[in-house]
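In what follows, a single structure is set out as structure tokens and then discussed.
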Amino acid sequence: MQADVLEYYDQTVSSPSGSFYIPAVLRVPQLLQVVKRRRVKHCLSRKNILFRDGFSCQYCSSEDDLTIDHVIPASRGGKWEWENLVTACSRCNSRKGNKTLLQANMKLRKIPKVCDIACSA
Ligand SMILES: [Zn+2]
């Protein structure tokens, strides 16, 4: 039953003639959330992380030598996902190295979130 609704929603997006399905999905906010999340995750890329973070280091605001930093290092099981990736300049990235934020005594300027702006671009 649930899977059927998700399929309708997908069809609606790609075909204007199916737009009457949208109100049906909107009445089930939980399901819409699921669909949204999936779509956003699809767009996760280095470029979109930089875009989300305004092309500035999330530790010191520098805009030079930007890299992508794993908040929880990959060597400690940190995953390649929106909530665990931030833009960091190479200086901060190497300072943090394989440490956690706490161990490195570093703070993020903002908590990394799933970004849906980059997705519509
Ligand atoms: Zn920095």
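When a ligand or atom number is given, it counts from 1 through the structure's own listing order.
- Side-chain contact annotation: S61 with R109, donor-acceptor N/O pair under 3.5 Å present.
- For the pair N93/I68, no side-chain contact is recorded, criterion being any heavy-atom separation below 4.5 Å from C-beta on.
- At least one side-chain heavy atom of V71 sits less than 4.5 Å from a side-chain heavy atom of L108.
- Taking the side chain as every heavy atom from C-beta outward, K96 and D69 approach each other to under 4.5 Å.
- Counting heavy atoms from C-beta outward, C60 and C89 have side chains that approach closer than 4.5 Å.
- Checking side-chain atoms of Q58 against main-chain N and O of S56 turns up a donor-acceptor pair under 3.5 Å.
- Protein N/O/S atoms found under 2.8 Å from the Zn ion (ligand 1): C57 SG, C60 SG, C89 SG, C92 SG.
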